[in-house]
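Here is the structure we will look at.
Everything numeric in this text was worked out from a predicted model, so none of it was measured. Computation of the quantities below employed the complete heavy-atom set of this structure, encompassing side-chain atoms and omitting hydrogens, waters and symmetry-equivalent molecules. So you know, we letter chains A, B, ... as the sequences are listed, proteins then strands, and number each from 1.
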Amino acid sequence: MVWVLWFRSQPDRTHSGCPRRQKSLMNPNYLDFEQPIAELQAKIEELRLVGNDSKISISDEITKLEEKSRKLTEQIFRDLTPWQVSQLSRHPQRPYTLDYIDELFTEFDEMHGDRNFADDAAIVGGTARLDDRPVMIIGHQKGRNVKDKVRRNFGMPRPEGYRKACRLMETAERFKMPILTFIDTPGAYPGIDAEERGQSEAIAYNLAVMSRLKTPIIATVIGEGGSGGALAIGVCDELQMLQFSTYSVISPEGCASILWKSADKAPDAAQAMGITASRLQELGFVDTLINEPLGGAHRHPVQTGERVKNALLASLERLDGLNTEALLERRYARLMSYGAP
Amino acid sequence: MSWLDKIVPSMGRTQRTDRRSNIPDGLWRKCPQCESVLYRPELERHHNVCPKCDHHLRLNARKRLSWFLDKEGREEIAADLEPVDRLRFRDSKKYKDRLAAAQKSTDENDALIAMKGELDGLPVVAVAFEFEFMGGSMGSIVGEKFVRAAELARKERRPLICFAASGGARMQEALFSLMQMAKTSAALEKMREEGVPYISVLTDPVFGGVSASLAMLGDLNVAEPNALIGFAGPRVIEQTVREKLPEGFQRSEFLLEHGTVDMIIHRSEMRERVGSILRKLTHAPAAPRSEEVVTVEPISPDSEFADDDVDAPKY
């Protein structure tokens, strides 16, 4: 028994030289490139526990380490590669649409179903108030635990999801509510049933309808902006992107396996396609880049929520200055400007 | 090899190979469906439809338009637009080099050709995707040309016909390509609001960003027989769902059954039937029955292609 206890207290010695075990020792809340931060944080936690036990004050030491951790985080996050940003955008703890709905809005009434076939849990939507103002919210939704992930289909909508979104958008137009969309999807679901029910048509129809809706549309990319599946609720008057979100025509892995013939080249593909918010702002696609708190949105969700809300309010104020005709002309001109020679 | 061949001087043999090389390259082509070897001029006379199994082979965009539109009064739209490598994209090859190679092999600037012309006297605008040009992928120039054609169609109230054949959005132009989906769809929505007809003809193959935008937005969506059409490619779907795809999955007939396309039209009837639909939609008088309507004669049993064990058409 004593031997067993000793054995358990020696994780480093017992597991060294065994890469699989070592990987599982990594803190799953931190990505690969964040592991140095995770180690420091673990040390701080350990010290705190010791501090509670003994009466010796070690708060000075903790403060010092926290300062060090902050600097390290700053340093790591200062120049992230596009591939690292892509990993952050998919971080399992990143706030999802429903988190923002809780944080930013009041009186949210979720509306379900496309009135034709089913309700798709990969897209959520409904009316709510943003500082008293009625708005229509539509967004992709991923799940947190295994069961939820499956129910939400990993945030990959089927045609009925896009048709529900379309129905809600037309409702918003009738009742003169601005539409706020939250984009966070790996892409539209590539499945047999989705093809049977016309995935292409559902996306195409949304693109066409959104180009002429007589109400302001603001799209915010909060995580992954995966291709047509993202754009199907992403045609807008103003595009906002969180600092560590991505938006691209195909996933870096997909692009790499087609053009480089190997998914391992995803970091190169991420670099070449220019999928990050900052690069896309340089290219003229993004109106507002919302900076994330140190360490990413998932480390400080409340602060992130505040920033998103402020950006939305500022954007709405700008669009309120336009009458419907000017709004639609501006949107059409915006769409026509993409890639124009 | 007989003993005679061995003693024949090498001169003779050279002459024989010379005679062989006099036959122009690529005079014969194999049908991908029934694997019959087809005589190219005969195949072209049938607009690339296999005379044996009726399989619709891919048809080059320029040839398609010149066959579809009347000989008189054809005018190309935005022919001089050239693709730009905004991102300086580079994978295993530079995008610039890929473009140059595609331009050289197809003799086109980009993957879409747009023309204004007449269909049996009815003024129309027609566009066609060149699949040989980087898989008919849609980048900025394809989107721009399509929109210019749609705008012209709307302003002159000419019906628009699009022959799609594309793998989807062009990855090398990244988000610029993705946005072409929204751009082309917006232009089509304007046409719809003003009641100018748009017929989308889906030819083999149509996928991804082209399928999920301009190709599905026709007042009528029409498909050629047995074309492969869908959002995600069959391989991607198979990898995702990990089950075998049903027989005939994503073929035109599958789409017809599931309500995605209005009808399947044989290539030999395309001009006539699209013309007839458009004349009704625009309240134009019915087309005069003329000699010019191109029809493909049935193959006579004694033609050199007749073959007893040819399977019936697959659809």
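- Chain A forms the most heavy-atom pairs under 4.5 Å with one residue out of B:V84, B:I229, B:L175, and that residue is B:L175.
- Between chain B and the options A:A340, A:A208, A:A230, A:A272, heavy-atom pairs under 4.5 Å are most frequent for A:A208.
- Counting heavy-atom pairs closer than 4.5 Å to chain B, the top-ranked of the candidates A:S227, A:A202, A:G274 is A:S227.
- Neither the backbone nor the side chain of B:A215 comes within contact range of chain A, judged by heavy atoms closer than 4.5 Å.
- With a threshold of 4.5 angstrom between heavy atoms, B:E238 does not approach chain A through any atom at all.
- In this structure, A:E238 pairs ionically with A:R318, as a charged nitrogen and a carboxylate oxygen lie closer than 4.0 Å.
- Note on B:R62 versus B:E76: salt bridge recorded, some NZ/NE/NH1/NH2 to OD/OE distance being below 4.0 Å.
- Contact count against chain A (heavy-atom pairs under 4.5 Å) is highest for B:A212 among B:G230, B:S140, B:A212, B:A232.
- Relative orientation of the B:F254 and B:F249 rings is perpendicular, given thresholds of 30° and 60° on the angle between their planes.
- Interface summary for chain A: among B:K93, B:H258, B:Q172, B:K183, the most heavy-atom pairs under 4.5 angstrom belong to B:K183.
- For chain A, the nearby part of B:T240 is the side chain; its heavy atoms alone come within less than 4.5 Å.
- The residue among B:Q250, B:E257, B:M171, B:M181 with the most heavy atom pairs within less than 4.5 Å of chain A is B:M171.
- Residue A:I275: no heavy atom, backbone or side chain, is found under 4.5 Å from chain B.
- Residues B:K94 and B:D85 are not paired through a salt bridge, judged by the lack of any N-O separation under 4.0 Å between the basic side chain and the carboxylate.
- When B:Q239, B:M216, B:R192, B:E243 are compared by the number of non-hydrogen pairs under 4.5 Å with chain A, B:M216 comes out ahead.
- Heavy atoms of other residues, nucleotides or ligands lying less than 6.0 angstrom from CD of A:E325 number 12 at most.
- Heavy atoms closer than 4.5 Å to chain B are found in both the backbone and the side chain of A:A188.
- In this structure, chain A has a heavy atom under 4.5 Å from the side chain of B:E193, while its backbone stays farther away.
- Under the 4.0 Å criterion applied to side-chain N and carboxylate O atoms, B:R158 and B:E156 are assigned as salt-bridge partners.
- A salt bridge between A:E282 and A:R279 is present, with a side-chain N of the basic residue lying under 4.0 Å from a carboxylate O of the acidic one.
- The pair A:D148-A:R151 counts as a salt bridge, with a side-chain nitrogen and a carboxylate oxygen less than 4.0 angstrom apart.
- Interface residue A:F285: only side-chain heavy atoms are found under 4.5 Å from chain B.
- Comparing A:G228, A:G191, A:G198, A:P341 by heavy-atom pairs within less than 4.5 Å of chain B, the highest count is held by A:P341.
- Interface remark: A:I250 contributes side-chain atoms only to the contact with chain B (heavy atom separation under 4.5 Å).
- Between B:E224 and B:R58 there is no salt bridge, since none of the side-chain N atoms of the basic residue sits less than 4.0 Å from a carboxylate O of the acidic one.
- Of the atoms belonging to B:R148, it is side-chain heavy atoms, and not backbone ones, that fall under 4.5 Å from chain A.
- Heavy-atom distances place the side chain of A:L231, and not its backbone, under 4.5 Å from chain B.
- Looking at B:R242, neither its backbone nor its side chain comes within 4.5 Å of chain A, counting heavy atoms on both sides.
- Between A:D193 and A:R158, at least one side-chain nitrogen of the basic residue sits less than 4.0 Å from a carboxylate oxygen of the acidic one, meeting the salt-bridge criterion.
- Relative to the six-membered ring of A:F154, A:K142 misses at least one condition, a distance below 6.0 Å or an angle of at most 45° to the axis.
- For the pair B:D110 and B:R170, the salt-bridge criterion is met [side-chain N within less than 4.0 Å of a carboxylate O].
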